[in-house]
Every structure is written in C-alpha cells, then in structure tokens.
Amino acid sequence: MGQRALPGFRDFYPAEFADRAHLFATFRRIARRFGFVEYDGPPLEPLELYTQKSGEEIVGQLYNFTDKGGREVALRPEMTPTVARLVGARAAALPKPVRWFSIPQLFRYERQQKGRLREHFQLNVDIFGESDSLADAELLAVACEIMRAFDLGPDDVRARVSDRRLLNALLSHLGITDAQAPAVYAVLDKLERQPQEISREKLALAGCSPEQAAAVLAFGTLDFDAAVVAYGQSPTVQPHLERFAQYRAHLDALGVLEYVHFDLSIVRGLAYYTGIVFELFDAKGEFRAICGGGRYDTLLSSLGGSDLPALGFGMGDVVLGELLRARGKLASTLARPDFWLVPDDGADVPAVLRAARALRRHEFSVVHALDADRLWNRKPRTQMQDAQRQGARAGLRVLPGGVAEVILFDRSDGDAASRRVDLAALLAGDAAASVPVVAQLRDLLAADAAPSS
RNA sequence: GUGGCUGUAGCUCAUCUGGUUAGAGCACCGGAUUGUGGUUCCGGGGGUAGCGGGUUCAAGUCCCGUCAGCCACCCCA
C-alpha cells in the first residue's frame with residue numbers, strides 16, 4: 001500500500017464520483033436546453049497543435065513525451081485547438097451556427113494549489129459561425145443558467161464582463177497606442193490584486209501620461225452607465241458602447257442580466273480574444289474564477305482553417321465543486337439500492353434470488369447478503385440492520401405465499417414504516433398483473449423519499 | 001520555477017519541556033441486545049509517527065535532506 005495518485009491527480013471514490021456525475025449531468029442538461037450537442041476528441045494530441053498557437057514556452061506546462069512511434073505528443077491542456085480542428089475540417093459542411101459542447105479531461109504540468117490541479121474536467125461550450133452579439137448573450141446565458149441550476153443565484157455568483165473592442169476603442173480615444181496596449185492590459189488584469197501605485201508606475205513605464213494613467217486606473221470601478229456618460233460622445237467609442245448596450249438588452253430578455261457586472265478589468269490573458277470576454281466568480285471572492293470565456297473571431301483562421309467567427313467558454317469542475325461544497329449545495333447524490341432482500345424463516349436461497357431477479361426486471365435495484373450461509377441463518381432482524389448500514393432505502397422480507405413485508409428506512413414522521421405488498425403476480429412473471437404491484441412499490445419508495453413533515 | 005507553513009490509524013485529533021509495548025472519537029469487522037429497527041453493550045483488525053540521514057544513553061518530539069499537502073508569487077484553465 002502507500003500508493004497514492006500522482007500529485008495533482010484525483011481518485012474518485014463513489015461519493016466523489018457521484019458529485020462529479022451530478023456536475024456533468026447538470027452541464028449536459030442545461031447545454032442541451034440551449035440546443036448544444038456534445039462532441040469529444042482525443043485526449044492525446046500532436047505537440048505541434050499547441051506550440052503553433054502559443055509558442056515553445058508552453059511546453060513547460062504540458063504533459064508531453066515522445067511516443068513509441070517517435071511522435072511528439074501531449075495530453076491536451078485545453079480543448080480549443082481540438083475543437084478548432086474539428087470544426088475547421090468540416091467548416092463548409094456544418095450548418096451554422098455550430099453549437100457544440102464537450103466535457104474533456106484536461107492536463108497541465110504545473111504546481112498544484114487550491115482550485116488548480118494537474119488534471120481537471122472542463123465543460124467547453126462554443127458557438128461557431130455567428131458574429132452577432134446575440135450569440136454572445138446566448139453563450140453567457142448558458143453559463144448563468146448552469147449557475148442557477150446549481151442553486152447559485154446572483155447573490156452567490158457574478159459574471160464580470162468586458163469587451164476587447166470597446167476597451168481598444170477607449171484606449172484609442174485616450175491616445176494610447178497599439179504598442180502600449182499589452183502593457184495596459186496587464187495592468188488592468190492585475191488591478192484588483194496590485195496596489196494602485198504599482199499599477200500607476202507600470203503605466204508610466206509603458207509611456208502613459210499621468211492623465212492617461214488616471215483614466216485607465218478609473219476603469220476598475222467604471223460601471224456601464226458611467227462609461228456611457230464619460231465616453232458616449234466619443235465617435236470612436238460610441239458604436240462599441242451601443243453594441244454593448246444591445247448585448248445587455250439581450251441578456252436582460254434572457255433573464256440573466258442580474259448576474260452581469262460590467263468590468264473593464266476582465267482581460268483574460270493577452271492572447272486570442274477579440275470581443276466580449278467574461279469570467280464568473282463567487283460573490284464573496286473566496287475562489288478562483290469558476291468560468292471564463294469570450295469571443296475569439298480570428299482563432300480559426302490563425303490556425304490555418306476557415307475564418308469562422310467563434311466564441312466559447314470553459315467551466316472547470318474543481319473550483320465549481322469547491323464552491324458548491326462550501327455553500328452546502330452538493331447534497332450527496334450517491335445512488336442507493338431500492339431494496340435489501342431478507343428471506344423469511346424457512347424460505348430457501350433460490351427463492352430470494354428469484355425474487356431479486358423479478359424486481360430487477362422492473363428496474364428496481366436490489367441487493368442482499370452474498371454469503372449464502374448468512375442469508376440463510378442470520379436472523380431477519382439482524383439482516384435488516386445490515387440493510388440499513390449498507391444504505392438501502394428499504395428492506396424487503398419475502399413471506400410465504402409471495403407477500404412481502406416492506407420496511408421503509410427513511411421515515412422520520414413516526415408513521416408506521418412497515419407495509420405489505422403482494423408480490424405473487426410479479427414473482428410469477430405475469431406482466432399485466434405486475435403493473436399495479438410495481439406502481440405500488442414505486443409509490444412506497446417515492447413517499448419514502450419525500451421530505452416528511 | 002521561487003518563497004513560507006505543515007506532515008501521528010480510512011477521517012478528526014491527543015501524546016506536558018526528547019524517556020517504558022503511541023492513545024481517543026468517528027468509520028470498518030465480529031458478537032450480543034433492541035418487536036417497527038441505522039439504539040445500546042462487548043470485542044476485534046488497522047499506525048516501522050511521509051521517507052532517508054544525523055545529534056543523543058534515548059526522538060513522533062531536536063537538526064539536515066527528500067517527498068507530499070496547504071498558502072502566496074509566476075502563469076493561466
């Protein structure tokens with residue numbers, strides 16, 4: 001023993017796996033509600049797929065190696081290059097807009113810390129072939145509705161949204177050159193975590209005048225209405241404000257504007273975003289970003305494919321899981337057996353197995369002791385205790401004549417928990433006559449599961 | 001990659017300033033008990049104190065190294 005998972009990698013015991021399955025099920029449910037369809041690609045890709053976009057320095061953060069055929073390969077650190085390849089290869093044939101999602105496991109060789117491992121699962125939701133801001137609104141709505149599906153409201157989570165084109169127009173209006181822009185982006189990105197004086201120095205270092213620096217530093221607290229007041233008269237900026245206002249109107253109609261906060265300090269790296277960008281954070285600011293995404297219209301063409309406009313977001317399972325756990329929103333979803341079978345005195349083992357089979361044919365999950373001697377000799381009462389400890393929802397004792405005593409374990413209302421159900425028809429395999437019996441059993445379990453008052 | 005903190009049973013933690021066979025609760029396993037039932041009682045398995053080295057008559061307890069975890073930085077997903 002003593003063997004553990006590699007650093008940054010997780011073992012999923014049934015309880016953790018149940019949480020993960022719950023996340024995935026919610027991801028899929030909401031994505032499908034918006035008409036997105038699921039795809040996947042290989043977890044191992046040519047190293048080149050990642051170096052051509054991000055350069056050689058990225059190799060230090062990849063799980064890469066030479067395979068037995070001499071190929072340079074890497075475990076995928078992100079899904080975007082893969083999906084870009086898939087879409088690019090069939091760009092002409094796919095009906096637009098393309099709405100795809102995936103839940104890949106991604107790998108990154110970096111030192112782990114809270115909310116950040118060497119492996120994680122990440123919901124990726126992307127739209128290809130639509131440049132209208134309505135698509136941007138739809139994308140963010142998916143992310144917000146997922147939050148809502150996890151019972152995380154606008155008081156729990158906020159979406160901070162910026163717009164690269166608007167930001168560029170603002171910088172241009174202020175007289176900041178394209179050459180200075182990357183330095184300004186870097187300052188904006190750190191505005192929250194870095195003392196203002198340092199930000200001011202960095203801006204001065206980039207060649208910004210004190211007036212320009214002051215305007216940039218003010219971006220951190222500028223809400224949208226204030227931006228309109230301050231810059232609405234600028235012919236450079238005005239069209240972008242107008243488009244953003246439209247975007248907000250769409251979000252309002254989609255019912256998610258309450259999550260949205262205009263925030264020019266959201267930069268999201270320096271790389272490929274070209275339009276609206278956003279990140280979701282917990283409102284208390286305890287955790288890393290839950291989700292991040294935006295528009296990257298030039299990425300596909302830069303990867304040598306078609307020049308479809310594109311936008312998407314990634315939402316990892318680690319931070320979201322931590323947040324849900326911390327907020328008590330992850331009730332255990334571990335599956336429990338419906339019935340634990342106990343033979344009646346004098347019944348034989350085959351009779352119990354036949355009863356189990358009959359119940360399983362009707363989709364009930366059924367378990368019993370797997371030690372025949374124990375099944376046969378152990379007192380029914382003691383077996384009922386085993387049943388409870390094993391997490392069964394109900395004990396089912398088969399009495400002579402096919403009548404079953406069903407004991408519901410979850411009752412907390414003091415109601416008599418023991419019920420009799422005549423299983424004769426079900427045990428005999430009479431399909432028609434079994435229908436009411438099955439319904440009766442389901443009702444018992446359903447009533448049992450319902451919160452009692 | 002850099003720096004700081006931490007490392008005793010599956011989990012949460014004890015073990016006074018280094019001193020006999022390292023303990024408890026929970027969990028797990030077994031037995032008994034309980035007539036509507038996860039109670040109560042008894043018993044049991046499980047730790048070379050992350051690992052390696054050093055100081056000492058003696059180290060879980062001090063020192064060094066290493067590995068791992070946490071936090072910050074870097075970077076981003």
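Note: hydrogens, waters and symmetry copies are ignored here, and every other heavy atom, side chains too, is used. Numbered from 1 within each chain, the chains take letters A, B, ... in sequence-line order.
Between A:F281 atom CZ and B:A77 atom P there is a gap of 12 Å when expressed in whole angstrom units. Rounding to whole angstrom units, CD of residue A:Q383 and C1' of B:U36 are separated by 17 Å. If you measure from atom CD of A:E110 to atom P of B:A72, you get 15 Å, rounded to the nearest angstrom. The nearest whole Å value for the distance from the NZ atom in A:K114 to the P atom in B:A68 is 22 Å. Atom CZ in A:R389 sits about 11 Å away from atom C1' in B:A27, given to the nearest Å. Spacing between atom CD of A:E405 and atom C1' of B:U36 amounts to 8 Å, rounded to whole angstrom units. The interatomic distance linking A:R111 (CZ) with B:C74 (C1') rounds to 11 Å, in whole Å. In this entry the distance linking CG of A:D189 with P of B:A77 reads 10 Å, nearest Å.
Comparing atom distances between the A:R116 side chain and each of B:C29, B:C76, B:C70 picks out B:C76 as nearest. Among the nucleotides B:C75, B:C73, B:G1, the one closest to any side-chain atom of A:Q113 is B:C73. Here the side chain of A:P7 is nearest to one of B:A68, B:C70, B:C75, namely B:A68. Comparing B:A77, B:G1, B:C29 by their nearest atom to the side chain of A:R268 picks out B:A77. Side-chain proximity of A:R288 to the nucleotides B:G37, B:G1, B:C76 is greatest for B:C76. With distances taken from any side-chain atom of A:Q61 to the nucleotides B:G4, B:G38, B:C75, the minimum falls on B:C75.
Straight-line distance between the C1' atoms of B:G25 and B:U8: roughly 15 Å, to the nearest whole Å. Nucleotides B:G50 and B:A22 place their P atoms 15 Å apart, quoted to the nearest Å. If you take atom P in B:U40 and the same atom in B:U34, they sit 15 Å apart, rounded to whole Å. One P atom belongs to B:A14, the other to B:C74, and the distance between them is 34 Å to the nearest Å. Comparing the P positions of B:A77 and B:A9 gives an interatomic distance of 38 Å, to the nearest angstrom. With C1' as the reference atom, B:C28 and B:C11 are 12 Å apart, rounded to whole Å. Between B:U20 and B:G30, the distance separating the two P atoms is 36 Å to the nearest Å. For B:C67 and B:G60, the P atoms lie 23 Å apart once the distance is rounded to whole Å.
With a cut-off of 3.5 Å on both pairing distances, B:U33 has no Watson-Crick or G-U wobble partner at all. Under the Watson-Crick and G-U wobble criteria, each requiring two contacts below 3.5 Å, nucleotide B:G46 is left unpaired. With a cut-off of 3.5 Å on both Watson-Crick or G-U wobble distances, the partner of B:C73 is given as B:G1. B:U20: no Watson-Crick or G-U partner with both key distances under 3.5 Å is found in any strand. Of the nucleotides present, B:G54 is the one that pairs with B:C62 by Watson-Crick or G-U wobble criteria, both distances under 3.5 Å. Pairing partner, B:A68: B:U6, with both Watson-Crick or wobble hydrogen-bond distances short of 3.5 Å.
Under the 4.0 Å criterion applied to side-chain N and carboxylate O atoms, A:E258 and A:R158 are not assigned as salt-bridge partners. Using a cutoff of 4.0 Å between basic side-chain nitrogens and carboxylate oxygens, A:R32 and A:E38 are scored as salt-bridged. Ion pairing between A:D156 and A:K284 fails under the 4.0 Å rule for side-chain N and carboxylate O.
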Between the protein and nucleotides 39-42 of chain B, list every N/O to N/O distance that falls short of 3.5 Å.
unit_1	atom_1	unit_2	atom_2	d
B:U39	O4	A:Q385	NE2	3.2

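Relative ring orientation between A:W100 and A:Y39 is described as tilted, the plane-to-plane angle lying within the 30° to 60° band.
A:F9 does not carry A:R118 over the face of its six-membered ring by the limits of under 6.0 Å from the centre and within 45° of the normal. Cation-pi geometry between A:R76 and A:F107 is not satisfied (NZ or CZ under 6.0 Å from the ring centre, within 45° of the ring normal).
The residue A:L117 sits close to a base: some heavy atom pair falls under 4.0 Å. Contacts of A:G115 with the nucleic acid, taken as non-hydrogen atoms under 4.0 Å apart, are absent.
In this structure A:F364 satisfies the ring pair (Phe, Tyr, Trp, His ring centres under 6.0 Å) test together with A:F339, sequence neighbours excluded.
Of the two residues contacting RNA chain B, namely A:D386 and A:R336, the nearest-nucleotide position lying further toward the 5' end is that of A:D386. Where A:G8 and A:Q388 each meet RNA chain B at their nearest nucleotide, the meeting point lying more 5' is that of A:Q388.
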Taking it one step at a time, do A:F27 and A:F101 satisfy ring pair (Phe, Tyr, Trp, His ring centres under 6.0 Å)? CA-CA 9 Å; A:F27 289 162; A:F101 78 96; 9.0 Å; no

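Here A:F244 and A:F224 bring their ring centres to under 6.0 angstrom of each other. Between A:H22 and A:F150, the distance separating the two ring centers is shorter than 6.0 angstrom.
Dashed line: the shortest gap from a side-chain N or O of A:Q112 to OP1 or OP2 of B:C70 is under 4.0 Å. Residue A:K190 has no polar side-chain atom (N or O) positioned under 4.0 Å from OP1 or OP2 of B:C76.
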